[in-house]
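Each remark here refers to the structure printed beneath this line.
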Amino acid sequence: MHSNCFKSVGKVFLLVMFSLYFRSYAQDFQLSSPDGKLSLVVKHENGFDWQLLMEAEEVISSAAVTMQMDDGRTAGSGTITGQKTFEVQEIIRPEIPYKSAVINDYYNALELQTGDGFEIQFRLFNDGLAYRFIDFLDVSKAVKNEILQLTFPDGTKTYFPQEESMYSHNERIYQHLDIKQIEKGSFCSLPVMFETLKGAKVVFTETALHDYPNMFMEVNETKQLQAVFPHFVLKALPDTVKGSDRNEIIAETADYIATVNGSAEYPWRVFIVGSDDKVLIESNLSYQLARPNVLKDVSWIKTGKVAWDWYNDNNIYGVDFPSGLNTETYRYYIDFAAANGIEYVILDEGWTKSTTEILDFNPEMDVKNLIGYAEEKGVGIILWVLWKPLNENMTEILSTYKSWGAKGIKVDFMQRSDQGMVNSYEAIAKEAAKFELLVNFHGAFKPSGLHRTYPNVLNYEGVKGAENNKWSDQITPAHNLTIPFIRMAAGPMDYTPGSMINAGKSDYAVSWSRPMSQGTRCHQFAMYIVYEAPLQMLCESPSNYLKEQESVDFITQIPVVWDEIKVLEAKIGEYLVLARRKGSDWYIGAMTDWSSRSFEIDLDFISGNYDATIMQDGINANRHAQDYKLLKRSLTKDDKLLIDMKSGGGFAAILKASN
């Protein structure tokens with residue numbers, strides 16, 4: 001709840017309208033965004049139903065929302081007992097600036113209290129809407145279900161990350177479909193995108209997800225989308241067929257989705273909204289609405305790039321020892337990282353005695369020695385672990401890794417999205433922070449605010465990324481240009497770029513040990529500017545990188561956290577041109593699908609003189625995707641920058657202030 005007094009630290013509460021008792025007849029409540037372009041109409045009559053408009057055009061025709069509790073209460077069914085509307089302006093300075101060093105948290109709010117002990121809160125921003133329920137009843141209870149039923153205007157299409165099960169890695173292709181084309185019962189994970197015939201873009205996700213299951217969205221018989229949840233897990237058994245070290249069978253669930261001890265704030269339901277695809281890249285709403293940092297000291301949290309082994313299958317060459325899971329191979333990775341200013345090396349699957357005996361080493365790898373060797377060279381070591389054995393013995397494992405000198409963990413194969421798993425993520429984040437360990441979640445659901453609350457959580461997978469090149473042809477330039485608009489709207493994504501073996505549409509081939517990427521070399525360069533990842537991988541074999549030193553030198557100059565973002569050109573699935581600032585320097589990244597494209601970009605966002613290092617597609621990149629050209633030139637704000645991209649191409653520029 002907010003008072004009507006003025007407060008310091010940039011937080012201003014204005015226009016506290018009233019707090020009154022109402023009779024139970026139907027009522028409408030209205031709210032506008034600060035710029036007046038978005039309008040919300042909330043109806044209350046035995047429950048809540050809201051409608052969202054943008055410049056008087058329907059974006060969401062109807063959203064019926066409530067919560068059903070095991071004590072018989074239904075949120076919103078009681079009489080309205082209080083209403084409050086107010087404006088908030090607050091400056092947020094993220095501990096880890098994924099996108100922006102300063103976020104203007106500016107919104108108008110509506111809070112409605114009902115006699116059944118619930119409150120529904122709405123926040124309307126210039127770039128979207130969020131709502132959540134609060135239950136003030138301070139007793140133990142269970143949530144039977146949470147209702148969200150969305151109706152969109154006729155003709156609305158979706159980018160639908162369809163799931164086969166709620167037991168999932170959440171790595172999906174976004175199918176572009178008319179909602180009416182989707183079969184009843186089909187469901188998707190979040191985030192999911194919608195676009196209306198009038199041109200409104202909506203990305204729906206959730207944040208401030210704590211002690212509660214993930215939401216999925218299912219198409220019903222009337223082509224509405226309705227929320228569905230994994231039920232509370234009562235019994236999970238090892239899956240001996242698919243691998244008992246990492247896979248489970250959900251053997252028994254309850255008839256409710258969550259248990260609650262006392263009063264509760266439920267997750268924010270977030271709708272990022274705009275008329276231009278650019279807003280989906282620039283929005284910080286998922287971060288703004290997450291719970292603030294709880295760590296007193298974050299000075300030990302160091303972002304950076306990572307030399308990664310698993311993608312390239314430890315496939316090094318030109319050495320005098322057998323490559324593989326052994327001490328010599330990882331000394332080679334460490335030497336490569338140290339020589340190129342790369343902050344971390346991951347020891348992925350294979351460094352432990354077995355996947356369940358994760359306090360003991362593979363006999364071919366002296367891990368303590370490797371960590372000490374890396375420390376001497378200024379490189380940190382991150383250790384891969386399976387979730388199941390970690391969850392069973394968390395404190396001993398993490399304290400041991402800390403005693404060895406490890407800097408972080410990569411936790412893999414969670415797969416579940418129920419309340420118990422959400423709580424496990426938070427327990428891992430909290431315990432890892434106690435030992436000053438970074439966390440990268442793989443086999444994971446999407447970011448849902450935990451990375452703000454625990455800034456040592458630096459990255460999440462939950463994206464169909466480059467590792468799929470080892471077994472499929474699905475990671476196309478069009479896919480690479482879909483995920484930043486949808487998946488990245490939820491938070492950082494561990495896509496793992498950096499392939500040096502690049503192929504066009506006709507010469508791409510799947511290979512487990514020597515994977516290649518679709519699109520040009522510059523398509524890969526651009527990802528280091530376009531994709532947000534405070535732990536950003538270099539996925540290629542160090543042996544290949546050593547043959548491509550010019551490429552490595554360029555990549556390692558690019559930051560992994562940012563002060564400012566400007567999206568210059570954008571169309572989901574087709575192209576993206578953006579600029580990011582770090583300090584006084586600017587970085588420009590551009591990507592295209594299989595269509596060649598050119599843009600002439602105004603540089604009016606820079607001031608002063610800049611020395612530019614540019615990587616652009618080579619003249620023959622259409623035929624040989626690894627062809628690129630390095631250019632150096634001086635630029636000012638009065639110049640225009642020509643971006644010429646071949647099929648599946650890209651462009652990347654580093655602009656260093658020279659005055």
Side-chain angles (χ1 to χ4, degrees), residues 308 311-313 315-318 336 340 465-482 495-531 537-558 573-577 588-599 612-633 641-654:
W308 183 38
Y311 177 88
N312 55 75
D313 201 24
N315 202 347
I316 62 174
Y317 53 90
F336 163 72
N340 290 283
E467 68 178 21
N468 287 262
N469 291 327
K470 293 167 72 72
W471 59 81
S472 86
D473 62 358
Q474 293 185 308
I475 309 304
T476 64
H479 173 75
N480 296 338
L481 281 155
T482 301
Y495 172 95
T496 68
S499 170
M500 295 289 106
I501 307 175
N502 317 113
K505 186 187 296 188
S506 62
D507 54 357
Y508 176 79
V510 172
S511 173
W512 177 271
S513 292
R514 299 179 66 183
M516 63 181 69
S517 65
Q518 298 183 61
T520 69
R521 175 70 57 81
C522 289
H523 194 80
Q524 293 290 311
F525 291 148
M527 291 176 182
Y528 286 93
I529 300 170
V530 170
Y531 293 169
M537 303 296 133
L538 280 80
C539 69
E540 191 57 82
S541 164
S543 300
N544 288 342
Y545 280 134
L546 290 173
K547 293 169 63 177
E548 301 283 357
Q549 192 62 49
E550 192 172 66
S551 295
V552 175
D553 291 345
F554 185 82
I555 290 169
T556 54
Q557 292 183 68
I558 300 171
E574 296 188 19
Y575 56 83
L576 177 59
V577 184
I588 300 172
M591 299 165 66
T592 184
D593 60 7
W594 287 125
S595 297
S596 300
R597 285 190 171 86
S598 295
F599 297 95
T613 302
I614 297 169
M615 289 291 199
Q616 68 178 34
D617 289 331
I619 194 169
N620 293 307
N622 278 331
R623 299 181 61 185
H624 187 76
Q626 292 173 203
D627 187 27
Y628 70 89
K629 187 173 184 179
L630 185 150
L631 301 172
K632 292 183 181 289
R633 59 178 292 195
L641 185 63
L642 178 63
I643 295 175
D644 183 28
M645 295 182 286
K646 306 300 185 185
S647 173
F651 175 97
I654 298 172

Decide side-chain contact (heavy atoms from CB on, under 4.5 Å) for I643 and V577; before the verdict, give the C-alpha distance in whole Å, the side-chain angles of both, and the deciding distance to 0.1 Å. CA-CA 9 Å; I643 295 175; V577 184; 3.7 Å; yes

Start with the C-alpha distance between W308 and E467, add both sets of side-chain angles, then the distance that settles side-chain contact (heavy atoms from CB on, under 4.5 Å), and finish with yes or no. CA-CA 11 Å; W308 183 38; E467 68 178 21; 4.2 Å; yes

Measuring from [X]:[atom1] to [Y]:[atom2], what's the distance to the nearest 0.5 Å?
X: K470; Y: C539; atom1: NZ; atom2: SG; result: 10.0 Å
X: Q518; Y: D473; atom1: CD; atom2: CG; result: 6.0 Å
X: I475; Y: M516; atom1: CD1; atom2: CE; result: 14.5 Å
X: E540; Y: Y311; atom1: CD; atom2: OH; result: 6.5 Å
X: L630; Y: S551; atom1: CG; atom2: OG; result: 9.0 Å
X: K547; Y: S541; atom1: NZ; atom2: OG; result: 9.5 Å

On the 0 to 90° scale, with breaks at 30° and 60°, tag the Y628-F525 ring pair as parallel, tilted or perpendicular.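 Rings of Y628 and F525: perpendicular, as their planes differ by over 60°.
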
Side chains of [X] and [Y] only: does a donor on one sit below 3.5 Å from an acceptor on the other?
X: N502; Y: H523; value: no
X: N340; Y: Q549; value: yes
X: N622; Y: S647; value: no
X: T613; Y: K632; value: yes
X: S513; Y: D313; value: yes
X: D644; Y: S598; value: yes
X: Y317; Y: N544; value: yes

For residues [X] and [Y], determine if any side-chain heavy atom of one lies less than 4.5 Å from a side-chain heavy atom of the other.
X: Q616; Y: M645; result: no
X: I614; Y: F651; result: yes
X: N469; Y: W512; result: no
X: Q626; Y: M500; result: no
X: E548; Y: R521; result: yes

Within 6.0 angstrom of R514 CZ, more than 12 heavy atoms from elsewhere: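 Incorrect, the count does not exceed 12.
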
Smallest separation among heavy atoms of [X] and [Y], with atom names:
X: D617; Y: C522; answer: OD1-CB, 3.2 Å
X: Y575; Y: L481; answer: C-CD2, 3.7 Å
X: A625; Y: G504; answer: CB-N, 3.9 Å
X: Q524; Y: S499; answer: OE1-N, 3.0 Å
X: A621; Y: K646; answer: CB-CG, 3.8 Å
X: P497; Y: M527; answer: CB-SD, 3.7 Å

Go through the steps to decide whether D507 and R623 satisfy the test side-chain contact (heavy atoms from CB on, under 4.5 Å), and finish with yes or no. CA-CA 9 Å; D507 54 357; R623 299 181 61 185; over 6 Å; no

With no hydrogens and no angle check, is any side-chain donor or acceptor of Y528 less than 3.5 Å from a backbone partner on F554?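 Here the side-chain-to-backbone pair does not exist.
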
Looking only at atom types and distance, does a side-chain atom of D553 sit under 3.5 Å from a main-chain N or O of E550, one as donor and one as acceptor?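 It does not hold such a pair.
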
Pair I529-I588, side-chain contact (heavy atoms from CB on, under 4.5 Å): steps then yes or no: CA-CA 7 Å; I529 300 170; I588 300 172; 5.7 Å; no

Tell me whether D593 is salt-bridged to R597, with the criterion being a basic N under 4.0 Å from an acidic carboxylate O.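 Between R597 and D593 there is a salt bridge, with a charged N closer than 4.0 Å to a carboxylate O.
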
